**Q** 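Please read through the structure below; I'll follow up with questions.
None of the values given here were measured: they were computed from a predicted structure. Position 1 is the first residue of the sequence; numbering continues from there.
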Amino acid sequence: MTPATIIRQAQADGVKLALSPSGTIKAVGNGEAVNRWLPVIREHKAELVDELRAVMIDREAFEERAAIMEFDGGLTRAEAERLAFLEQRGATIH
């Protein structure tokens, strides 16, 4: 199972995975669901940390690009986010 799949499936089960400020994984949600996911989280901890870190970096880049489009480009926040999303997915924006 890939780290992205683990994150998606855990989230579908009501468990949100995130990086703590110290770089460890935080699992938040219903206690029973969290307990079901803990063995998988422990087994794939290093890969999950890498995936969560990459997602954080992508999110920061997205936020920065949207802010530039909003403030320097004079776009609404919604339009800036839409274009930033398309750019992240490789679309050519003119």
**Q** Testing the basics here: between F62 and Q88, what is the closest heavy-atom pair and its distance to 0.1 Å?
**A** CB-NE2, 3.4 Å
**Q** Evaluate whether atom CD of E64 has more than 12 neighbouring non-hydrogen atoms of other residues, nucleotides or ligands under 6.0 angstrom away.
**A**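 No, because the 6.0 Å sphere around CD of E64 holds 12 heavy atoms or fewer from other groups.
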**Q** If you take all heavy atoms of V34 and V15, which pair is closest and at what distance?
**A**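 Shortest heavy-atom separation between V34 and V15 comes out as N-CG2, 3.7 Å.
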**Q** Considering all heavy atoms of both residues, which atom of E79 and which atom of T76 are nearest to each other, and what is their separation?
**A**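 Taking E79 first and T76 second, the nearest heavy atoms are N-OG1, 3.1 Å.
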**Q** Rounded to the nearest 0.5 Å, how far apart are CZ of F71 and CZ of R77?
**A** 7.0 Å
**Q** Which pair of heavy atoms, one from P3 and one from E51, lies closest together, and at what distance?
**A** CB-CB, 3.7 Å
**Q** Measuring from T24:OG1 to K45:NZ, what's the distance to the nearest 0.5 Å?
**A**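 Result: 6.5 Å between the selected atoms.
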**Q** Keeping N35 on the side-chain end and G31 on the backbone end, is there a donor-acceptor pair under 3.5 Å?
**A**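 Yes.
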**Q** Look up atom CZ in R65 and atom CD in E87, then write down how far apart they are to the nearest 0.5 Å.
**A** 4.5 Å
**Q** Is there a continuous path of hydrophobic side-chain contacts, each under 4.5 Å between heavy atoms, that joins L75 to I68?
**A**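 Looking at the clustering, I68 is in a separate group from L75.
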**Q** Thinking salt bridges, do E70 and R82 make one under a 4.0 Å N-O criterion?
**A**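 So E70 does not pair with R82 through a salt bridge.
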**Q** To the nearest 0.5 angstrom, please state how far the CD atom of E43 sits from the CG atom of L48.
**A**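 Rounded to the nearest 0.5 Å, the CD-CG separation comes to 10.0 Å.
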**Q** Where do A66 and A80 come nearest, in terms of heavy atoms and distance?
**A**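 Nearest heavy atoms, A66 then A80: O-CB, 3.3 Å.
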**Q** Report the distance from atom CD1 of I57 to atom CD of E60, rounding to the nearest 0.5 Å.
**A**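 One gets 7.0 Å once the value is rounded to the nearest 0.5 Å.
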**Q** Suppose the criterion is salt bridge (Lys or Arg N to Asp or Glu O under 4.0 Å): which pairs have a residue in residues 21-32, not counting sequence neighbours?
**A**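 Every pair satisfying salt bridge (Lys or Arg N to Asp or Glu O under 4.0 Å) with a residue in residues 21-32: there are none.
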**Q** If you compare all heavy atoms of I7 against all heavy atoms of L52, which two are closest, and at what distance to 0.1 Å?
**A**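 Looking at all heavy atoms of both residues, the closest pair is CD1-CD2, 3.7 Å.
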